[in-house]
Every structure is written in C-alpha cells, then in structure tokens.
Amino acid sequence: MKIISSYSIKGGVGKTALSVNLAYTLQQAAQRTLLVDLDPQGASAFYFRVAPAKKFKSKEGWLMGDRLRRNIRESDYPGLDILPSNLAYRNFDLMLDRMGKSKKQLRRILRTLKDDYDFVVLDCPPGLTLLSENVFRASDRILVPVIPTTLSERTFTQLHEFFRQKELPESRIVPFFSMVQKRNRIHRDTMEAMIAEHPEFLATVIPFSADIERMGLHRKPVLAYASARSPAHAYRDLCAEIVRWEEKF
C-alpha cells in the first residue's frame, strides 16, 4: 500500500482538486483506493457526495481500531472509498499531542489498512502543524500544488527548510504548477525560475479554469463530468505522470 498526500502550506492552491481527481484516476485503473479527508472543511468528501464523519471525542483517540473502519464510506465508484472529515478535526493537533509518539501516529493508524487498499490519498489542510508532520512521516510521496507567484514560491522554500530542520527526506516532495494562467507574465517567469532551481517539478501544468471550479456544482471529479475539456486532459496527464513516478519506487 502506498500513501500519497496532497499538501501545501498555503490554502486555495488546488490540493482538494488534485486529491479527488487522483483518487478517481486510481479507481479507474482498478487500484483499490481510499481517499482520506483530513481537512475540517470536508471538501473532498463533499465532492464525492459523502456525509461528514461521526463526531469524535479527542479523549477516545482518532479513528482507533474499529472506529477507523466504521467511518469509511463507499463512493459512487466501486473500489474507491472515502474516509470523510468532520469540523472536530480542527482539534486534531490537540488530540495527537496527547498521544505517545505523536509524530508517527497517522502512519501507524493507516498501516492497519495495508491489506485493504493499494493506495491511500490524503487530502490535507494547509499550515505547518503536528498533523502536517504526521502527514510528512506517513506519506511515501507528498504532492505539492504551487501557484506560480512570489508567495507560493516563498512557502515552497519554507516547506523544504522545514524538512531539513526535521531531517525528513526532501525526495518525498513532488511539486507541480497549479491554477496557471499562461498569459500572465509573472506566472511564466516564476515557473521558469522555480524549474531551474527545482527540476523535480512534474511536467504537467494544471490551468486556472472554471471547469475545475464547477466540481462543487457537479459534486464529481472534473474527469468524470468534463472528460473532453482541456482541464480534464491536464489532470489525466498529471495523474498518469504521478502513477509513472510511483512505479519507479
């Protein structure tokens, strides 16, 4: 079982859109897939028409043992399951802090599912928190959407600095450009500069598009309702590139 997270320090960069479309792509490729919604807003579960998780009490622990499996829901796509979020997840860090080996709990919990799934996709909230560090330690690969602007470039540098500070393997970080406006000179210049410094950027670029924003209206992956449109082609290429990357390891 491989664990792939969609993460960024910044919000509003396309993390959930990637999570939803990647999970759908893996399901279409006959991979048993679990999408874990770690964001209190619960957007990825919403896109798959899945209700919020049952509210948990932090003193009980998060989704331990049977609680984990009781909260997993089937999606409309056989082979793709969803572990939905809840507003109470805003207290995730407090709960983790009370647990022993608090930086490694998420990986331990998810590894109990290794016989059930080929892939686990984590849709992560923004920020650098104890939950984030759990995600970094649990993930085989960390996909980072980057809008080609100065602020996104700065937060991407901060992410690498955090990994070095915590002695985490930077090779797990796999960035790609998201919400790109190719006519925007700043976007073009920033992409050129960042690729020169970080050649590990994936080749596929996700454009800024209203088709992607309509995921909330359709409550489906863009690949499911607009498969012939250019944004869907971009996500299809990106997900194929991610799968090829994983096959190297």
Side-chain angles (χ1 to χ4, degrees), residues 2-20 22-23 34-47 52-64 67-68 71 82-113 120-147 149 151-176 178-179:
K2 292 191 174 182
I3 301 174
I4 304 176
S5 61
S6 179
Y7 169 83
S8 173
I9 294 176
K10 278 178 61 61
V13 297
K15 297 186 302 295
T16 297
L18 170 64
S19 302
V20 168
L22 177 58
L34 175 67
L35 173 58
V36 180
D37 190 345
L38 293 174
D39 194 323
Q41 298 179 71
S44 58
F46 173 82
Y47 286 150
K54 182 180 178 181
K55 186 174 181 180
F56 71 88
K57 297 178 181 178
S58 59
K59 64 182 179 181
E60 295 178 348
W62 175 73
L63 302 176
M64 303 297 288
R67 294 191 191 97
L68 175 64
N71 275 281
I82 313 296
L83 183 55
S85 178
N86 186 288
L87 278 175
Y89 281 27
R90 69 189 185 277
N91 298 318
F92 228 128
D93 281 2
L94 294 176
M95 183 275 296
L96 287 170
D97 193 45
R98 296 189 183 108
M99 301 173 72
K101 298 182 179 179
S102 61
K103 298 176 182 178
K104 299 180 180 180
Q105 285 294 334
L106 183 61
R107 184 175 184 85
R108 184 184 65 79
I109 292 167
L110 293 177
R111 283 295 167 187
T112 65
L113 302 171
V120 173
V121 178
L122 307 180
D123 183 22
C124 306
L128 279 174
T129 63
L130 183 54
L131 174 58
S132 301
E133 190 165 351
N134 267 263
V135 167
F136 301 155
R137 295 181 185 277
S139 302
D140 298 297
R141 205 71 55 214
I142 302 157
L143 304 173
V144 183
V146 178
I147 301 175
T149 63
L151 285 179
S152 289
E153 184 177 7
R154 180 172 178 268
T155 55
F156 186 66
T157 299
Q158 290 173 337
L159 178 61
H160 274 278
E161 290 173 349
F162 183 85
F163 267 62
R164 287 191 288 271
Q165 177 186 347
K166 297 294 183 177
E167 298 183 343
L168 295 166
E170 293 178 76
S171 59
R172 291 182 186 176
I173 301 173
V174 182
F176 69 95
S178 176
M179 301 176 69

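Here the structure is a predicted model, which means the values were calculated and not measured.
- Here the CG atom belonging to Leu18 is positioned 11.0 Å from the OG atom belonging to Ser44, to the nearest 0.5 angstrom.
- For Leu122 against Ser19, the heavy-atom pair with the smallest separation is O-OG, 4.0 Å.
- The CD1 atom of Ile173 sits 4.0 Å away from the CG atom of Leu159 when rounded to the nearest 0.5 Å.
- Under the ring-ring contact (aromatic ring centres under 6.0 Å, His included) criterion, Tyr7 pairs with Phe136, not counting sequence neighbours.
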What side-chain donor-acceptor pairs closer than 3.5 Å can you find for residues 162-170, not counting sequence neighbours?
{"unit_1": "Arg164", "atom_1": "NH1", "unit_2": "Glu170", "atom_2": "OE1", "d": "3.0"}
{"unit_1": "Glu170", "atom_1": "OE1", "unit_2": "His160", "atom_2": "ND1", "d": "2.6"}

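- Residues satisfying the salt bridge (charged side-chain N to carboxylate O under 4.0 Å, His left out) test with Arg111, not counting sequence neighbours, are Asp140.
- Thr112 places no side-chain N or O within 3.5 Å of a backbone atom of Arg108 that could act as its donor or acceptor partner.
- If you check the side chains of Thr129 and Ser132, you find a donor sitting under 3.5 Å from an acceptor.
- Distance OG1/Thr157 to CD1/Ile9: 9.5 Å, rounded to 0.5 Å.
- The shortest non-hydrogen separation linking Pro175 to Val146 is CB-CG2, 4.4 Å.
- Note that CD1 of Ile3 and CG of Leu106 are 7.0 Å apart. Values are rounded to the nearest 0.5 Å.
- Residue Gly14 comes nearest to Ser178 through the heavy atom pair CA-OG, 4.1 Å, listed as atom of the first residue, atom of the second, then distance.
- Residues Ser152 and Thr155 share a closest heavy-atom pair of O-OG1, 3.0 Å.
- Among Asp123, Asp37, Asp39, the single residue meeting the side chain to side chain donor-acceptor pair (under 3.5 Å) criterion with Thr16 is Asp123.
- Side chain of Lys15 to backbone of Ser5: no donor-acceptor contact under 3.5 angstrom is found.
- Across all non-hydrogen atoms, the minimal contact from Arg107 to Ala138 is NH1-O, 2.6 Å.
- The shortest non-hydrogen separation linking Pro84 to Ala45 is CB-CB, 3.8 Å.
- Side-chain contact between Pro125 and Leu131: present, with at least one pair of heavy atoms (C-beta onward) separated by less than 4.5 Å.
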